[in-house]
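Each remark here refers to the structure printed beneath this line.
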Amino acid sequence: MGYERQKDFGTPESTSNEMVTLTIDGREVSVPAGTSVMRAASESGGHIPKLCATDNVKAFGSCRLCLVEIEGARGTPASCTTPVAAGMKVKTQTPRLEKLRKGVMELYISDHPLDCLTCSANNDCELQDEAAAVGLRDVRYGYEGANHLGGAVDGSNPYFSFASDKCIVCSRCVRACDEVQGTFALTVDGRGFASMISAGQTVDDFLTSECVSCGACVQACPTSALMEKSVKEHGKPERSVVTTCAYCGVGCAFRAEMKGEQLIRMVPWKDGKANHGHSCVKGRFAWGYANHKDRITKPMIREKITDPWREVSWEEAIRFSADKIKTIKAEHGPSALGGITSSRCTNEESFLVQKLVRAGFGSNNTDTCARVCHSPTGYGLSTTFGTSAGTQNFDSADHTDVFLVIGANPTDAHPVFGSRIKRRLRKGAKMIVVDPRRIDLVKSPKIEAAHHLPLQPGTNVAVLTSLAHVIVTEGLADEDFIRERCDWDEYQDWARFVSDEKHSPEFLEAVTRVPAQTVREAARLFATGGNGAIYYGLGVTEHSQGSSTVMAIANLAMVTGNIGREGVGVNPLRGQNNVQGACDMGSFPHELSGYRHISDAATRKLFEDDWGVALDPEPGLRIPNMLDAAVDGSFKAIYIQGEDILQSDPDTHHVAAGLAAMDCVIVHDLFLNETANYAHVFLPGSTFLEKAGTFTNAERRIQPVRKVMEPANGYQDWQVTQLLANAIGCDWNYKHASEILAEISRLTPTFAGVTWERVINGDQLQWPVTDKAPNGSPIMHVDGFVRGKGKFVVTEYVPTDEKTGPRFPLLLTTGRILSQYNVGAQTRRTGNQVWHSEDVLEIHPTDAENRGLATGDFARLASRAGETTLRVEVTEKVAPGVVYTTFHHPDTQANVVTTDNSDWATNCPEYKVTAVQVTPSNGPSEWQEEYADLTAMARRIEAMEPAE
Amino acid sequence: MDINKLSRMANQIAANFEANGHDKAVEETRVHIWKYWDPRMKAQIFGDTSQLSPIAKDAIEQLKAEAEAA
Ligand code: SF4
Ligand code: SF4
Ligand code: SF4
Ligand code: FES
């Protein structure tokens, strides 16, 4: 495929159902009412020259290049700001228009450096194209007068630069930042000829401004004024391939724009149904890790973890691994073996890893890193609704009147969806934020939450039950919905439970620290404010009552009738790109793909017949149980694909002890991660650009991952799993990921209608895709719950065992920030480091003062599990008594401090609540120093013998 | 495996079902552990119920009896 710019219709699509017919240049055209004349012309194959209009922002009408003639209308109106009308007769090309447009263009060009041949936008520049389109051949004005030539270049952003002399002040960038991203970082300074685009205050450059580097302005810019540095360096792309972001669960669709085998830039794809052409800094720019010097591309082995690594051939590494696995199986039985897959991997890879464990190893000891993030979602939503997934598509948010965001920080962790919420808020929707921190959605430019409930970490269930208490006792429950859709007896039991005085906001205020009146007002708003939608994240799941909180959320949605239509619903915001998919694929030890319990003989038989092996009917070990069993001596070997459990899992000391106790740890990853310090085999992995498969985003949308270059390590990840499987006696013969997908569809009812052809075709289906719903299911539980009747579950608030006291008087909660991703293995190896080069501890001014700490000081952070040191930032974002940090950096390893407490139902770790003490410190902890030594030792690679 | 940890897990499960009343809580706890625990975890807790809450203990006793009958 050659390179083509994405089609730009000039103005946004109209969503009206009413059609209008008009005539453009003698041709009859029908478009939805509200469409601009410019878009109508463009949709019917024409083109009206334009500069200030682009189809992801509202028309502005400033450049006057898009003039048209309309029969019966005075003058020459701008087609971008003129809506179509029935019977309208439009002319887009006349001698008068030609003259006018030439005149406009001449003015623009006279103030523009004519270095087209050497400009990075040459042949990809709208100014150049439109100059040609209007037939401008020469410019009457010289460059002698006042002009903007030779203006300064702002190269402060690591990924794009701003050259003011190339700027035509069309303000597309400003409007993209306002309307699409919602950051309001850019302004047009000055007026008329003196106007200039600027980022923030005059002292700011892009880096120091409010800019979050989403790239929307760069994409909107018609010239090379805002331009990716990679294009400047390598030149214009030659082809593009549509693929899916491998970072968060929003699942933005991108065009990987290539030159030969080199990725030039990632540009959000306008037809992507999850992102509609928007992106964040991670997916848009942070892909440089793929070629980072730290990447390991050759397999390595060692007998003991104290030995240096030895580079070997793939054959030798696979043989070495297989021998170990076979020996351990013979000596200790299949239950000593297990595997973990990552939510970063494709569906096909995850499916194969659990197949390797179940059919190859012979155990059910398979798990996924969703264990440590959204396993409570699986438990909670399948118990109450009957299926383990969010109920809506992202577009549903456009119909929401009241958002309830709990334990999630979408503007940082799910930025493209965060922008979407902000846009809806700017149109008048209301927001209730339940979060210990004052996140951006509480207040940022042009938006403000109606209510912020800054609860004490660990009291989610108490807050949700008190919201339910108000709704039920004040008679705000939607009884018609409940009678029709839910189990009425269970509802009554539950209503009695929540109505008890001990669940009133007044009674619980002492526990939650949220003023009772705020809870009452928030409850009333949610119950009576129109379509109410709940969005939640890891601040809900990563608690000792994570599963109860998910069920309490489901209760709240049902009691207010907010399920089964657009604008409402219960929506887990998934951390990593394929959390949904990893869970769907049967990665958990107790169930096969499609959430069917391993004890179910009929489901097992389906797989046994397909795979030709007998399956163990008993559930296997979860990740924390595997580590416990390893310390205990009954679990001996593990295959870990794409996951760094040493850094990401809680209680690092315990994880290290578990790994150290195993006889064979096989790490399959891009980098020598922290877990690899304890590994015997390192199998190099491939990036999302080097393999084929599918990811499923938080809306259950199944999207393609396309191979745009050959894997630097030689194999796609599913091929490596296949090599290992065959070396231990399986007989697999997949030639392409599509064959694995076919097997998934064959064995998983919710995927029945999913085929590789439809995936590649851009169908972007949301499961279930079945005979009943051949085009997928954007919204679930429309005519009834998947389980039949919705189930109200009594969720008693059981306080966590993790309590503050004299030794550990503060509560630590952890989270993520925009520019870094999870353990940071990828983003730390990109330009994103400029925004966040270390984890810092946020602490309230009162707590800081009591400890003599100021911003920038080193502090010792200690819990009963361990201690580390990091710098502090004094801020009122956190409440007194609460401290907050991220876990993106291995030299801090916040998880040294987190404990082994976990969710009662799923063992999802309680990352969000740890009792800690913070004291001044002057350097790294003993553990940090020891760990730095261990890492240096564990990463030694033996010098290669010179070739014969 | 560490019996203290297993006991803590079982008690935590039981505590979250407690509001349903003893009998229902025992049944929910029993089903939960049957569905999610690996056989070696079950075997170990069958061998030592000394740290269990009344609900957890009854649930484990029932599971044990079923396992022995099977
Ligand atoms: S930087 Fe680009 S988009 Fe912004 S005003 Fe200038 S030319 Fe227009
Ligand atoms: S990169 Fe995004 S946030 Fe930054 S100025 Fe451009 S549109 Fe605004
Ligand atoms: S919002 Fe998520 S999926 Fe979209 S570009 Fe950013 S990280 Fe990627
Ligand atoms: S494109 Fe219509 S006025 Fe600029």
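Each chain gets a letter, A, B and so on, in the order its sequence line appears, and its residues count up from 1.
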I'd like to know if the side chain of B:Q12 reaches the main chain of A:S902, judged simply by a donor and an acceptor atom lying under 3.5 Å from each other, with no hydrogens or angles considered.
yes
Heavy-atom contact with chain B under 4.5 Å, split by part of A:S599:
side chain
Is it true that B:R40 and A:D628 make a salt bridge, defined as a side-chain N closer than 4.0 Å to a carboxylate O?
no
Which bit of A:S335 comes within less than 4.5 Å of chain B, counting heavy atoms only: side chain, backbone, both or neither?
both
Between B:P39 and A:P619 the two heavy atoms that sit nearest each other are CD-O, 3.4 Å
By a 4.5 Å heavy-atom criterion (distance strictly below it), what part of A:Y379 contacts chain B: side chain, backbone, both, or neither?
side chain
Counting only heavy atoms closer than 4.5 Å, note whether A:D801 contacts chain B via side chain, backbone, both or neither.
side chain
Derivation of the side-chain contact (heavy atoms from CB on, under 4.5 Å) call for A:V793 and B:E28:
CA-CA 12 Å; A:V793 176; B:E28 299 269 14; over 6 Å; no
B:D38 (side chain) donor-acceptor with A:G620 (main chain) under 3.5 angstrom
no
Of the backbone (N, CA, C, O) and the side chain (C-beta and beyond), which part of B:W34 lies under 4.5 Å from a heavy atom of chain A, both, or neither?
both
Could you pull out the closest heavy-atom pair between B:A19 and A:F497, with the gap in Å?
CB-CE1, 4.2 Å
Heavy-atom distance under 4.5 Å to chain B: side chain of A:N364, backbone, both or neither?
neither
Measure A:Q545 against the heavy atoms of chain B and call it side chain, backbone, both or neither at under 4.5 Å.
side chain
Results of side-chain hydrogen bond (donor to acceptor under 3.5 Å, both in side chains) for A:W904 - residues two or more places apart only:
A:S548, B:N16
Minimum-distance pair of heavy atoms, taken over all atoms of B:W37 and A:E618:
O-OE1, 4.5 Å
When A:T906, A:V794, A:D900, A:T795 are compared by non-hydrogen pairs under 4.5 Å with chain B, the top option
A:D900
Determine whether more than 12 heavy atoms belonging to other residues, nucleotides or ligands lie under 6.0 Å from atom CZ of B:F46.
yes
So which residue, B:K5, B:K42, B:R8, ends up with the most heavy-atom pairs under 4.5 Å with chain A?
B:K5
Using the side-chain contact (heavy atoms from CB on, under 4.5 Å) rule, take B:K35 and A:H590 through it: C-alpha gap first, then chi angles, then the decisive distance, then the call.
CA-CA 7 Å; B:K35 267 174 101 172; A:H590 65 279; 5.8 Å; no
In this structure, CG of A:D493 is separated from NZ of B:K24 (nearest 0.5 Å) by 6.5 Å
Tell me, yes or no, whether the heavy-atom count around A:K803 atom NZ, taken from other residues, nucleotides or ligands under 6.0 Å, exceeds 12.
yes
